Amino acid sequence: MSRGVLPKSNFGLISLLEFPQGTHSITATSHGSSMWTQTARISTTLPDDTPKSYFLKVAAGALGLGMVEGEYESIVAVYAVKPGFCPKPQAWGTFKSNPDLHFLLTDFIEMNQEIPEKDAFTTMLADFHLASRAMSPNGKFGFHCTTYNGNLAQDNTWTDTWEEYYKNNIVRMLQLEEEARGPSEELKELSKQLLEKVIPRLLRPLETGPIPLEPCLIHGDLWYGNTATELDTGEPITFDASAFWGHNEYEVRTMRPAGVQFGRKYLSAYHDKFRQSEPTEDAEDRLALYALRSRIHDSALYPMNAGFRNLVIEQMKLLVEKYPDGYEEPNTKARTANREVATPS
């Protein structure tokens, strides 16, 4: 399909979607932009002459089918927890007129693309995470279908622990990064230490302490570019979800660097409403670990930019050097401390 006015015939024959009987004046015009899909506004008039608009994404091929299904299932889950935090999902499916084209349909929201106001946004985000606790359908970490960040599939296999889920995701991202760029012996060695030492050291204490980690529903691709303010209500809204059940602090990894559009003020405001997980002394390095997953993703997604792999190696090296010993059981650390106290000076 070309950009501009999209062929009406492609919308009159959408499978799995029926506009309310008597809906008329159906038009489709391009709206917004996307690297991986074509997007449009569908304007209709309902039987009572009320105008109603929808937002449409169109993607091609087997990859496109997975992308629209994953996003639809993501926003269904998000909307079920907190309506208004994302546009209302309507349908997904395949065009009858072209079985190689697939669609996602949601309500159309008039948005101001400025970054949402700090307190309003962090309150809504914290409320969303808090409301979703204990709602994981099986009490596990993961998601019931494959989702995509950009056009890269995420590993959402259900796991009993957050450590296992996150490790699986890092392994998937590293595989995609190597496929996109070719092998790197330095990165391979660092990755081994990251998987065997750093991830257990930083994530296992979340689930072995006095307050075990509960899965929260995560938007999954929450950066400032996927947020806006709804014009009608003035409330923050998000879009382009890639959801899973995980550690809520993963969501705020994009608020860690100084000088970014969200930034530290947003992070601090969020934790005023949803306190940091224990052990809090690991919180900064957990965020660094979570941010690393995004850096690996960027390196896989944009292989022509050498800087992304260099950044992955640099950030991974910092974590590996800081945690060379990996995880130690609490009783092991206690015995070690006692021996150190008893050692004559």
Side-chain angles (χ1 to χ4, degrees), residues 78 81-82 85 115-136 139-142 159-167 169-170 194 197-224 227 236 238 243-295 315-316 318-320 322-323 325-330 333:
V78 171
V81 172
K82 193 167 184 63
F85 194 52
I115 299 171
E117 191 273 329
K118 170 175 62 67
D119 289 329
F121 178 72
T122 55
T123 296
M124 182 171 279
L125 180 61
D127 288 348
F128 165 64
H129 289 153
L130 288 165
S132 71
R133 289 195 300 186
M135 289 180 65
S136 171
K140 297 185 178 185
F141 299 88
T159 62
D160 292 324
T161 69
W162 170 239
E163 178 188 337
E164 184 182 3
Y165 175 83
Y166 192 73
K167 181 178 179 179
N169 244 265
I170 289 290
L194 182 83
K197 302 291 187 180
V198 178
I199 290 178
R201 167 59 185 84
L202 289 176
L203 301 189
R204 197 169 299 171
L206 292 168
E207 298 172 283
T208 56
I211 307 175
L213 185 67
E214 289 185 281
C216 291
L217 187 62
I218 307 300
H219 174 284
D221 193 14
L222 193 65
W223 62 295
Y224 72 90
T227 66
T238 68
F244 62 88
W245 296 90
H247 184 200
N248 64 293
E249 289 179 10
Y250 176 86
E251 196 94 280
V252 296
R253 71 200 183 284
T254 57
M255 300 176 185
R256 175 176 170 264
V260 299
Q261 284 79 355
F262 278 147
R264 287 282 175 170
K265 290 182 179 179
Y266 281 73
L267 182 62
S268 177
Y270 173 83
H271 282 306
D272 285 343
K273 304 161 185 72
F274 196 140
R275 65 181 181 83
Q276 288 179 329
S277 300
E278 297 288 347
T280 57
E281 59 267 26
D282 289 345
E284 279 297 315
D285 289 336
R286 286 197 302 263
L287 287 180
L289 177 62
Y290 296 160
L292 180 60
R293 183 232 168 270
S294 298
R295 300 289 76 77
Q315 294 187 355
M316 196 179 293
L318 290 174
L319 288 168
V320 166
K322 186 167 183 178
Y323 297 105
D325 298 326
Y327 177 77
E328 292 184 23
E329 296 289 346
K333 289 190 288 186

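In this text the structure is predicted, and so the values were computed from the model without any measurement.
- Across all non-hydrogen atoms, the minimal contact from Arg256 to Leu267 is CA-CD2, 4.4 Å.
- Between Phe244 and Tyr250, the ring planes lie perpendicular to each other; the angle is over 60°, past the 30° to 60° tilted range.
- Between the CZ atom in Phe85 and the CE atom in Met124 there is a gap of 7.0 Å [rounded to 0.5 Å].
- Considering only heavy atoms from C-beta on, Leu203 comes within 4.5 Å of Tyr290 through its side chain.
- Here CG of Asp127 is found 10.5 Å from CZ of Phe274. Values are rounded to the nearest 0.5 Å.
- Side-chain contact between Glu278 and Thr280: present, with at least one pair of heavy atoms (C-beta onward) separated by less than 4.5 Å.
- Between Lys322 atom NZ and Leu202 atom CG the span is 8.5 Å, to the nearest 0.5 Å.
- Between Phe262 and Thr227 the shortest side-chain heavy-atom distance falls below 4.5 Å.
- Shortest non-hydrogen contact noted between Leu289 and Leu319 is CA-CD1, 3.9 Å.
- At a threshold of 4.5 Å between non-hydrogen side-chain atoms, the residues Trp245 and Met135 count as touching.
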- [ ] Go through His129 and Ile218 one step at a time and tell me if the side chain to side chain contact (heavy atoms under 4.5 Å, CB included) criterion holds.
- [x] CA-CA 7 Å; His129 289 153; Ile218 307 300; 4.2 Å; yes
Next item on the list: Check the pair Asp282 / Arg201 against side chain to side chain contact (heavy atoms under 4.5 Å, CB included), numbers first and verdict last.
Entry: CA-CA 9 Å; Asp282 289 345; Arg201 167 59 185 84; 2.8 Å; yes
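- Scanning all heavy atoms of the two residues, the minimum distance from Pro116 to Pro236 falls at CB-CB, 3.9 Å.
- Shown here for Tyr323 and Lys197, the closest heavy-atom pair between the two residues is O-CB, 3.7 Å.
- A donor-acceptor contact shorter than 3.5 Å is absent between the side chain of Ser268 and the backbone of Arg264.
- The minimum heavy-atom distance linking Ser132 with Leu217 is given by the pair OG-N, 2.8 Å.
- Atoms CZ and CD1, from Phe121 and Ile115 in turn, are 10.0 Å apart once rounded to the nearest 0.5 Å.
- Using modelled atom types, one side-chain atom of Lys273 and one backbone atom of Ala269 make a donor-acceptor pair closer than 3.5 Å.
- Taking the six-membered ring where the residue is Trp, the centroids of Phe128 and His219 are separated by 6.0 Å or more.
- Salt bridge absent: Glu163 and Arg286 never bring a charged side-chain N and a carboxylate O closer than 4.0 Å.
- When all heavy atoms are compared, the tightest approach of Gly220 to Glu251 is N-OE1, 3.0 Å.
- The CG atom of Leu213 sits 7.5 Å away from atom CG of Asn248, with the distance rounded to the nearest 0.5 Å.
- In summary, the aromatic rings of His247 and Tyr166 are positioned with their centroids too far apart to meet the 6.0 Å limit.
- To the nearest 0.5 Å, the span separating CD on Glu249 from NE2 on His271 amounts to 5.0 Å.
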